[in-house]
Amino acid sequence: MDCIFCKIINNEIPSYTIYEDENVKCFLDINPVSKGHTLIVPKKHIKDFYDIDNETLLNVFDACKKVTNLINKKLKPNGIRLLQNNGVLQDVKHFHLHIIPSYTKEEKNNNAEDVFQLLTK
Ligand code: 5GP
Ligand code: ZN
């Protein structure tokens, strides 16, 4: 199947993965809205919110709690927005939850390698 997120899950395409378990992979968005913009992706290929089962949804939100805790601790945003697109709003047709931190001042250093180091070291 030609799905970019399945390829990331299978490590065929590299990603800055900040959290992973048997059910989900959480990696930095390639085109971040803000510092630490992360995608939570179930390892099962599920298209969107209309298709996702409750157990997988729980796995996604369990991981989301862990990742938001990590971001709050390491990056100290003043707020975090959760976003999930469907239909024409959704570019990648593999379910994903966006974690989008916000900051009082605009964060200049949004370099993926640096953010990855901050979050994982
Ligand atoms: P959507 O509009 O489907 O909710 O958002 C898809 C998101 O996936 C976008 O924010 C986009 O930057 C991100 N994205 C697309 N391709 C890649 C990729 O190859 N790697 C990573 N890390 N993010 C990607
Ligand atoms: Zn997929």
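Note that the coordinates shown come from a computational prediction; the quantities given were computed from them, not determined experimentally. Heads up: numbering here begins at 1 and tracks the sequence. One-based numbering, in listed order, for ligands and for the atoms of each.
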> Parallel, tilted or perpendicular: which fits the ring planes of Tyr16 and Phe116, with parallel below 30° and perpendicular above 60°?
Replying inline: tilted
> Ser34 side chain to Pro101 main-chain N or O, any donor-acceptor pair under 3.5 Å?
Replying inline: yes
> Is there a path from Leu82 to Val24 through hydrophobic residues (I, L, V, M, F, W, Y) whose side chains come within less than 4.5 Å of each other?
Replying inline: yes
>> Ignoring hydrogens, what is the shortest heavy-atom contact between Gly87 and Lys93? Give both atom names and the distance.
In response: O-NZ, 3.0 Å
> ligand 1 and His37, any nitrogen or oxygen pair closer than 3.5 angstrom?
Replying inline: no
>> I want to know whether His98 and His96 have ring centres closer than 6.0 Å.
In response: yes
> Counting each atom of ligand 1 from 1 as listed, which ones have a heavy atom of Asn85 under 4.0 Å away?
Replying inline: 1 (P), 2 (O), 4 (O)
>> Looking at Glu55, I want to see if its CD is surrounded by more than 12 non-hydrogen atoms of other residues, nucleotides or ligands under 6.0 Å.
In response: no
> Between Phe5 and ligand 1, which residue portion shows a heavy-atom distance shorter than 4.0 Å: side chain, backbone, both, or neither?
Replying inline: side chain
> Are Lys93 and ligand 1 in contact, using a heavy-atom cut-off of under 4.0 Å?
Replying inline: no
> By number and element, which atoms of ligand 1 are closer than 4.0 Å to a non-hydrogen atom of Asn31?
Replying inline: 12 (O)
>> Taking 4.0 angstrom as the limit and counting only heavy atoms of Gln90, give me the atoms of ligand 1 inside it, by number and element.
In response: 3 (O)
> For the side chain of Asn10 and the backbone of Glu12, is there at least one donor-acceptor N/O pair under 3.5 Å apart?
Replying inline: no
> Has ligand 1 got any nitrogen or oxygen that is less than 3.5 angstrom from a nitrogen or oxygen of Ile4?
Replying inline: no
> Is a side-chain donor or acceptor of Lys74 paired with a backbone partner of Val115 at a separation under 3.5 angstrom?
Replying inline: no
> Within the side chain of Tyr103, is there an N or O that forms a donor-acceptor pair under 3.5 Å with the backbone of Lys35?
Replying inline: yes
> Of the choices Leu39, Asp29, Thr17, Asn86, which has the non-hydrogen atom that lies closest to atom 11 (C) of ligand 1?
Replying inline: Asp29
> In Å and rounded to the nearest 0.5 Å, what is the CG to CG distance from Asn59 to Asn54?
Replying inline: 11.0 Å
> Looking only at protein heavy atoms, which one is nearest to atom 22 (N) of ligand 1, and how far off is it?
Replying inline: Leu28 O, 2.9 Å
> Taking heavy atoms and a distance under 4.0 Å, where does His96 meet ligand 1: side chain, backbone, both or neither?
Replying inline: side chain
>> What protein heavy atom lies closest to atom 24 (C) of ligand 1? Include the residue and the distance to one decimal.
In response: Ile30 CG2, 3.5 Å
>> I'd like to know if the side chain of Asp62 and the backbone of Lys65 have a donor-acceptor N/O pair within less than 3.5 Å.
In response: no
> Closer than 2.8 Å to the Zn ion (ligand 2), how many protein N/O/S atoms do you count?
Replying inline: 4
> More than 12 foreign heavy atoms under 6.0 Å from NZ of Lys121: is that the case here?
Replying inline: yes
> Do any nitrogen or oxygen atoms of Phe27 come within less than 3.5 Å of a nitrogen or oxygen of ligand 1?
Replying inline: no
> Under 3.5 Å, side chain of Asn86 to main-chain N/O of Phe49, donor-acceptor pair present?
Replying inline: yes
> Considering only protein heavy atoms, which is closest to atom 3 (O) of ligand 1, and at what distance to one decimal place?
Replying inline: Asp91 N, 2.8 Å
> So, does Leu89 sit close enough to ligand 1 that a heavy atom of it is under 4.0 Å from the ligand?
Replying inline: yes
> How far is atom 15 (C) of ligand 1 from its nearest protein heavy atom, and which residue and atom is that?
Replying inline: Val92 CG2, 4.1 Å
> Checking side chain to side chain contact (heavy atoms under 4.5 Å, CB included) for the pair Ser15/Lys25: CA distance, chi angles, key distance, verdict?
Replying inline: CA-CA 10 Å; Ser15 65; Lys25 190 157 173 136; 3.8 Å; yes
> Looking only at heavy atoms of Ile8, does any of them come nearer than 4.0 Å to an atom of ligand 1?
Replying inline: yes
